[in-house]
Structures are given as C-alpha cells and as structure tokens.
Amino acid sequence: KQDLVNGITFFTSMIILFVLHQIALVKLEKKNPTPLLKKIYTFVSLVLYSMVGVIIIPTAIYQLTTYLMYRVSDVTSYTAPATSIGILIMVLPLWVIFLVRTTRMKEEE
C-alpha cells in the first residue's frame with residue numbers, strides 16, 4: 001500500500017508541476033520569444049526524459065514481473081512496483097512530446 005501511495009503522490013505532483021511549467025512557458029513566449037532558448041530547453045528536456053526512460057522502463061518491468069510471478073506469503077519481502085510504474089506513466093508521454101517537438105524544430109530549419 002505504501003508504494004501505491006508513493007506512486008500516486010509522485011505522479012500527481014509531477015503532473016501539477018508540468019502543467020504549471022507549461023503555463024509559465026506559454027506566458028513567457030507571448031512576452032518575449034526566444035527561439036534559441038526554446039530549442040535548448042526542448043532538446044535538454046528530450047535528453048533528460050530519454051535518460052530517465054532508459055532507466056525506469058526496465059526497472060518497472062522487472063519490479064512488475066517479480067511482483068506478479070512471486071506471490072509469497074510474506075508480503076514484506078516484495079514491494080509493489082507502483083512508484084516505478086507511476087514514474088513510467090509520467091515520463092513516457094513527456095518523452096514523446098519532446099521528441100515530436102524536437103523533430104518539428106529540426107524540420108522547420
């Protein structure tokens with residue numbers, strides 16, 4: 001139960017931060033467009049989410065299969081994979097968003 005609470009809390013807080021961050025970026029774009037800064041931000045975000053994705057995908061798969069395959073009587077020996085799955089659910093769509101943005105920027109040049 002604790003991992004489930006941790007995963008839900010992490011997922012919800014990161015979604016709120018992402019929405020606030022996107023709102024701030026839209027407001028800043030209206031005032032002073034800086035294409036170089038936008039390109040750097042998009043590329044760095046793509047790299048960051050790529051690295052997190054490369055780490056969290058195998059971790060989530062391992063924890064989920066271990067949790068599903070080894071049903072033991074002592075539930076304290078295996079924890080639920082909620083935190084890693086929560087991070088995966090958050091990171092994967094963000095990686096796709098920044099990949100699409102980076103590809104569009106490259107095509108525009």
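- Both Leu17 and Ile56 belong to a common hydrophobic cluster when Ile, Leu, Val, Met, Phe, Trp and Tyr are linked at side-chain heavy-atom distances under 4.5 angstrom.
- Placement of Val54 and Met51 in two distinct hydrophobic clusters is found when ILVMFWY residues are connected by side-chain heavy-atom separations under 4.5 Å, directly or transitively.
- For Ile85, the side chain to side chain contact (heavy atoms under 4.5 Å, CB included) criterion is met by Ala60, Leu64, Pro81, Ile89, not counting sequence neighbours.
- The cluster map of Ile, Leu, Val, Met, Phe, Trp and Tyr, joined by side-chain heavy atoms under 4.5 Å apart, puts Leu46 and Met105 in different clusters.
- To the nearest 0.5 Å, atom NZ of residue Lys106 and atom OG1 of residue Thr42 are 15.0 Å apart.
- Note that the OG atom of Ser45 and the CD1 atom of Ile97 stand 10.5 Å from one another [nearest 0.5 Å].
- Aromatic ring pairs are classed by plane angle as parallel below 30°, tilted from 30° to 60° and perpendicular above 60°; the pair Phe98 and Tyr49 is parallel.
- Both Tyr41 and Val91 sit in one connected hydrophobic cluster of ILVMFWY residues. Membership requires side-chain heavy atoms under 4.5 Å apart, directly or through other members.
- Residue Tyr62 is found outside any hydrophobic cluster, as its side-chain heavy atoms come under 4.5 Å of no other Ile, Leu, Val, Met, Phe, Trp or Tyr.
- To the nearest 0.5 Å, atoms CE (Met90) and CZ (Phe18) are separated by 10.0 Å.
- Under a hydrophobic-cluster definition in which Ile, Leu, Val, Met, Phe, Trp and Tyr are linked whenever side-chain heavy atoms come within less than 4.5 Å, directly or via other members, Phe43 and Leu99 are assigned to different clusters.
- Note that CG of Leu20 and CD1 of Ile15 are 11.5 Å apart. Values are rounded to the nearest 0.5 Å.
- The distance from the OG1 atom of Thr59 to the CG atom of Leu88 is 9.5 Å, given to the nearest 0.5 Å.
- Remark: Ile57 CD1 to Trp95 CH2 distance equals 8.0 Å, nearest 0.5 Å.
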